[in-house]
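One structure is given here, and the rest of the page talks about it.
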Amino acid sequence: MKHYNIALDGPSGSGKSTVAKALSQKLNILYLDTGAMYRAAALKAIKLGVQHKNEEEVSKFINDIDLKIDYVDGAQRTILDGEDVSSAIRANEVSMMASDISALKCVRLKMVDLQRQIAASMPCVLDGRDIGSFVLPDCKFKFYITADSSVRAKRRQAELEQRGQFVNFDTLKKEIEQRDYNDSHRDFAPLKQADDAIYIDTSDMTVQEVVDKILKVVGEGNVL
Ligand code: DC
């Protein structure tokens, strides 16, 4: 098998992670959820009592952050200070903080370095905001996945409900739009469609349809 990576970028709730998981299983390659890393950084700031937008304070701990990405039965586990925080980072309160802390250049440089190391070591599908535009500009396959914000809020609501968190639809929609704005307006490596990425609007598509569309492109890419 040739070495290749697949970049899936797009806003929150566009279905990237579900699609990425399905692709990684189908192609038997690693799935790297890069958002989990920013969420872990946000959790660390909470633990230390540091403000997420305070670059001076965040820069004091970010370079030495004890963050590891492990895989158990093919599923990504995010390990912070030796503790599995994979569930804790999914709490709704962590989402906006992750968006805030991810705007800091010192945080992005650290996480991007880790992401590049993992992507170079084995074929993987990475989901994030800046994978095709900044982390892996030479990545062979790039997709920009999005959906209408109401559809995304509904999906997010269902996902949170499965975890026992019940959040009002309008609140979620507002939060999603606020995060879209944050993520696409930060100065350094914002959420952006790479010029050579394939655009997919998943509002009216099933997960399987999106996966099939991507598999078709990868199949034609002469890497399998
Ligand atoms: O994909 P997610 O919702 O778990 O990501 C959480 C936050 O992390 C998101 O609001 C923006 C940020 N993020 C980023 O800036 N770059 C990435 N590659 C992935 C996530």
Side-chain angles (χ1 to χ4, degrees), residues 5-21 30-46 52-53 55 58 62 65 67 69 75-78 80 85-119 124-137 139 142-147 149 152-153 155-160 163 165 167 172-194 197 202:
N5 295 124
I6 304 175
L8 298 187
D9 289 305
S12 317
S14 54
K16 294 178 310 252
S17 63
T18 314
V19 169
K21 271 181 213 151
L30 200 80
Y31 163 44
L32 181 61
D33 166 9
T34 63
M37 296 172 154
Y38 295 99
R39 287 172 177 271
L43 210 59
K44 180 74 187 180
I46 296 173
H52 295 89
K53 293 186 184 182
E55 181 134 37
V58 172
I62 200 71
I65 191 169
L67 172 64
I69 302 298
Q76 176 171 326
R77 311 306 304 177
T78 306
L80 179 66
V85 294
S86 311
S87 278
I89 57 171
R90 295 290 146 204
N92 198 42
E93 303 76 62
V94 179
S95 301
M96 190 56 82
M97 294 172 185
S99 177
D100 285 339
I101 207 164
S102 76
L104 304 181
K105 191 172 178 181
C106 62
V107 174
R108 300 205 73 78
L109 289 177
K110 172 75 183 175
M111 300 305 160
V112 167
D113 191 40
L114 274 169
Q115 290 157 18
R116 286 181 177 150
Q117 283 176 32
I118 296 173
C124 39
V125 49
L126 299 91
D127 87 13
R129 305 291 188 286
D130 61 336
I131 308 300
S133 58
F134 182 73
V135 182
L136 304 173
C139 183
K142 298 181 185 179
F143 299 89
Y144 188 83
I145 300 191
T146 188
S149 61
R152 292 189 282 127
R155 288 177 185 163
R156 179 86 184 124
Q157 192 178 35
E159 186 192 323
L160 287 170
R163 296 174 194 277
Q165 253 199 307
V167 188
L172 279 177
K173 186 164 181 262
K174 250 188 231 138
E175 284 177 3
I176 279 193
E177 286 168 353
Q178 178 65 49
R179 276 217 282 155
D180 287 356
Y181 185 86
N182 269 12
D183 296 346
S184 53
H185 285 80
R186 63 178 176 235
D187 292 337
F188 188 66
L191 163 66
K192 178 165 137 216
Q193 180 179 353
T202 69

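What you see is a predicted model, and the numbers here were worked out from it, not measured in a lab. Start at 1 and go down the list; that is how both ligands and their atoms are numbered.
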Side chains of Asn92 and Glu175 in contact at under 4.5 Å (non-hydrogen atoms): yes

Sequence neighbours excluded - salt bridge (Lys or Arg N to Asp or Glu O under 4.0 Å) pairs with any residue from residues 107-118: Arg108-Asp130

For the backbone of [Y] and the side chain of [X], can you confirm whether one donor and one acceptor N or O come within less than 3.5 Å of each other?
X	Y	result
Thr202	Ser14	yes
Arg39	Ala98	no
Asn5	Cys139	no

Pick out the protein N or O atoms lying less than 3.5 Å from any N or O of ligand 1, and list each pair with its distance.
residue  : atom   : partner : partner atom : Å
ligand 1 : 1 (O)  : Arg129  : NH1          : 3.0
ligand 1 : 1 (O)  : Arg129  : NH2          : 3.3
ligand 1 : 3 (O)  : Arg39   : NH2          : 3.1
ligand 1 : 3 (O)  : Arg129  : NH2          : 3.3
ligand 1 : 3 (O)  : Arg179  : NH1          : 3.0
ligand 1 : 4 (O)  : Arg39   : NE           : 2.6
ligand 1 : 4 (O)  : Arg39   : NH2          : 3.4
ligand 1 : 10 (O) : Arg179  : NH1          : 2.9
ligand 1 : 10 (O) : Asp183  : OD1          : 3.4
ligand 1 : 10 (O) : Asp183  : OD2          : 3.0
ligand 1 : 15 (O) : Ser102  : OG           : 3.3
ligand 1 : 15 (O) : Arg108  : NH1          : 2.7
ligand 1 : 15 (O) : Arg108  : NH2          : 3.3
ligand 1 : 15 (O) : Arg186  : NH1          : 2.8
ligand 1 : 15 (O) : Arg186  : NH2          : 3.1
ligand 1 : 16 (N) : Arg108  : NH2          : 3.0
ligand 1 : 18 (N) : Thr34   : OG1          : 2.9
ligand 1 : 18 (N) : Arg129  : N            : 3.2
ligand 1 : 18 (N) : Asp130  : OD1          : 3.1

Candidates Met111, Arg129, Met97 - the one meeting side chain to side chain contact (heavy atoms under 4.5 Å, CB included) with Tyr38: Met111

